[in-house]
Protein chains: 2
Amino acid sequence: MEPSERADRPVGINDVAARAGVSAGTVSNVLNRPERVSEATRIRVERAIEELDYVRNSSGRNLRSGRSDSVGLVVLDVTNPFFTEVAQGVEDVAAEDGLAVVLLNSAERRDRQRRSARLLAEQRAAGAVVMPVDGDTEDLLWLRKQGVCGVLLDRGDVGPETACSVSVDNRAGGAAAARHLIGLGHERVTFLSGPEGLEQCRTRLQGLREGLAEVGIDPESAVRVVHTAQLNAESGEKAVEEVLAGGPGRRPTAVFCANDQLALGVLKGLGERGLSAPADLSVVGYDDVATASLVHPGLTTVAQPKYELGCSAMRLLLSELNDPGHRHERLRFTPELVVRGSTAVNRG
Amino acid sequence: MEPSERADRPVGINDVAARAGVSAGTVSNVLNRPERVSEATRIRVERAIEELDYVRNSSGRNLRSGRSDSVGLVVLDVTNPFFTEVAQGVEDVAAEDGLAVVLLNSAERRDRQRRSARLLAEQRAAGAVVMPVDGDTEDLLWLRKQGVCGVLLDRGDVGPETACSVSVDNRAGGAAAARHLIGLGHERVTFLSGPEGLEQCRTRLQGLREGLAEVGIDPESAVRVVHTAQLNAESGEKAVEEVLAGGPGRRPTAVFCANDQLALGVLKGLGERGLSAPADLSVVGYDDVATASLVHPGLTTVAQPKYELGCSAMRLLLSELNDPGHRHERLRFTPELVVRGSTAVNRG
DNA sequence: CCCCGTGATTGACACGTTTCAATACCCGCT
DNA sequence: AGCGGGTATTGAAACGTGTCAATCACGGGG
């Protein structure tokens, strides 16, 4: 139709310039600093852009500026609703600034985390929000050395002189669960943990113990710890047997799970054995994922501000990117206990 | 420490070349076609790369090649477990080929879908897997015109001469649900749909009707349709009232939900009214998300091969990218009914 | 001793954009 | 008419990489 339609070479800024009868620099100005160009030419250029269906090539732009306009989000498990809500927050805030979010999934594996970091470095990403596998912040530090500023999210620790970080007070969460259970008269509780060595699990356990100690209960004898292979429902279901074990006298009256997924698994496992919460066992989870309110009985759980976590992490990142007087910040949220039906007064 | 450590200008291919005493072209060859370079120099270059901690700049590479090495995945809702499982599949397959996945969230909004498309075009993404909002394939076509080859996933339709597509046979899914309910003696069923006009909902409903007609039941009188504002649990919960409405004689004995989220909401809503499935109402969902097996009673649902959906979409995309003799393909899965506790024989 | 073939390496250019110093233009004032 | 000052536009130079024709080094064969 249009005789000026060239071969299949994509249309570039020069084609637009030619069509509008101006230089490439002017087109660039129209795109980036419209105030510097007269209205007449601006309109002419805009029409040319429209007519040619020009879309700018960000490779060129990034090459020139040495910086890309996308940020990375390295997440531990895309299928875990906790992380996707965080991602939602990150993305919404990033969108306000026109930044694209590259979602990388480390699947809890160090090698994949490393690959993700390399990738972001190669892209010269503007920044990255990373939830390190297992508290391993090495890749984050490497990224920063490469000039990609990174914010630490929810796990691990680097000094506040090194990078921003946002986290939730896991100790307080554990203590809140403890106080709730004590208030209901529970004195023997099992902590259902994830794989050994996970920092967040350890800290939640620590909070639980401290909460018990506060009221004079000896944590050593009152809490027993059971480890699972993974932080998912299947593991929780399988662990029910072991949670309940220990002889009738020593059978716990409550279980505090490191994770909602685990807790949901426990609820299911109880049902399969003809038992139920809270009659046979009070169950407390952690995270407050959407499903927690859908099961019956509803899951009592320690709620984390997931969406806000993502938002604030991204805001800190934006501040570091745009604000020249930026000082690293260490943001810390306090979780809140949400009481639903899975816990009740101990009638043991 | 190293006196050769330059200013904070990032190290480029030229720095490596200088350090190794070769030309930039040779370094590039080491990186991209190692077989063309002698072993001695290759080792020397590799050491230089190591020593300088060089990471290549993909802006330059992409600019040169006119193509980036990442693919887009445009998804309707990052927080919906259905989509995240699909994303998992896409990502796993992409990782095999060293492609990065940029996850874009259209949040069911046309404008955000358009933004995502623009972004991918600007990045000159190698390809895109897109689940169009509301069957709107316009952006996909535009992307293809821009040279970004796109695969259509799960919704909408373009002719197979235009692009590859992967979908699930929604009609068969609806029919399977119908057969199951008929087998249990249900003859009055409500279809709980999403917002009006969603193609997938319409087709599932159509399948339901056809399944009923097969055995001589008149769909017109047997099925009633209730629409909700969104395809989420909250909407399902709110819709319970309306689902149950219609007077005792006309009260349905079963409800078929367009979505597991809706179905889970219905289960919750029933509980809040002192009712329960399947005693008061048999409930069937669609998708088989992880939660479906965790609630009590377990949710009978039409299972979609979510992970495989993602894998195949990405495979088709890879084929189009790498295989010169590629022919567009239209892949179609058949869903499978998973029977759990939320449905039972009609004792009305 | 020269020529030629082969394989390794180089040098220069192209990719599409932004930036910035330099220029062209216009207007009002002396 | 000439000049100063402001604004609009241009032209050329980067940015870091991949490619490819041209060159170089090295031996073997005539």
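Order of the sequence lines sets the chain letters (A, B, ...), proteins ahead of strands, with each chain counted from 1.
- The nearest whole Å value for the distance from the CD atom in A:Q123 to the C1' atom in D:dG16 is 15 Å.
- Sorted by first and then second residue, the pairs that involve residues 41-50 of chain B and meet side chain to side chain donor-acceptor pair (under 3.5 Å), not counting sequence neighbours, are B:S38-B:T41.
- How far OG of B:S68 is from CG of B:L63: 12.0 Å, rounded to the nearest 0.5 Å.
- Across all strands, A:N14 comes closer than 4.0 Å to base atoms (heavy-atom distances).
- Counting heavy atoms from C-beta outward, B:E161 and B:H328 have side chains that stay 4.5 Å or more apart.
- Within a 6.0 Å sphere centred on CZ of B:R115, heavy atoms belonging to other residues, nucleotides or ligands number 12 at most.
- In this structure a side-chain-to-backbone donor-acceptor pair under 3.5 Å is present from B:S65 to B:R61.
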Polar atom pairs (N or O), protein with nucleotides 11-15 of chain D, under 3.5 Å:
from: D:dA14; atom 1: N3; to: A:R64; atom 2: NH1; distance (Å): 2.9

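- Note: CZ (A:R61) to P (D:dG16) measures 17 Å, nearest angstrom.
- Under 3.5 Å, the side chains of A:N105 and B:Q88 contain a donor-acceptor pair of N or O atoms.
- The separation between B:N62 atom CG and D:dT17 atom C1' is 10 Å, rounded to whole Å.
- With rounding to whole Å, A:N29 atom CG is found 10 Å from D:dT10 atom P.
- Other residues, nucleotides and ligands contribute only 12 or fewer heavy atoms inside 6.0 Å of the CD atom of A:E39.
- Each of B:L103, B:V129, B:L153, B:V130 was evaluated against B:V74; a single residue qualifies, B:V130, per the side chain to side chain contact (heavy atoms under 4.5 Å, CB included) test.
- On the nucleic acid side, DNA chain C contacts chain B at distances under 4.0 Å to non-hydrogen atoms, with the end points of that region at C:dA8 to C:dG16.
- Separating the OG1 atom in A:T84 from the OH atom in A:Y307 is a distance of 12.5 Å, to the nearest 0.5 Å.
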Which atom pairs, donor and acceptor, lie under 3.5 Å between side-chain atoms of residues 131-144 of chain B and protein residues at least two apart or in another chain?
from: B:D136; atom 1: OD1; to: B:E138; atom 2: N; distance (Å): 3.1
from: B:D136; atom 1: OD2; to: B:R110; atom 2: NE; distance (Å): 3.2
from: B:E138; atom 1: OE2; to: B:R114; atom 2: NH2; distance (Å): 3.2
from: B:D139; atom 1: OD1; to: B:R114; atom 2: NE; distance (Å): 3.1
from: B:D139; atom 1: OD1; to: B:R114; atom 2: NH2; distance (Å): 3.1
from: B:D139; atom 1: OD2; to: B:Q113; atom 2: NE2; distance (Å): 2.9
from: B:W142; atom 1: NE1; to: A:D53; atom 2: OD2; distance (Å): 3.4
from: B:R144; atom 1: NE; to: B:T162; atom 2: O; distance (Å): 3.1
from: B:R144; atom 1: NH1; to: B:G150; atom 2: O; distance (Å): 3.0
from: B:R144; atom 1: NH1; to: B:E320; atom 2: OE2; distance (Å): 3.3
from: B:R144; atom 1: NH2; to: B:E320; atom 2: OE2; distance (Å): 2.6

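- Side-chain contact between A:V71 and A:L317 is present, with heavy atoms from C-beta onward closer than 4.5 Å.
- Recorded end-axis angle for the helix from C:dC1-D:dG30 to C:dT30-D:dA1 stands at 70°, based on five pairs per end and rounded to 10 degrees.
- With rounding to the nearest 0.5 Å, the separation of CZ in B:R64 from OG in B:S59 is 15.5 Å.
- Here CD of A:Q123 is found 4.5 Å from OG of B:S58. Values are rounded to the nearest 0.5 Å.
- As a whole-Å value, the separation of A:R33 CZ from D:dA8 C1' is 13 Å.
- For the segment residues 34-46 of chain B, residues with any heavy atom less than 4.0 angstrom from an atom of DNA chain C are, sorted by number, B:V37, B:S38, B:T41.
- Residue contacts for A:R67: at a heavy-atom cut-off of 4.0 Å it reaches no nucleic acid atom on any strand shown.
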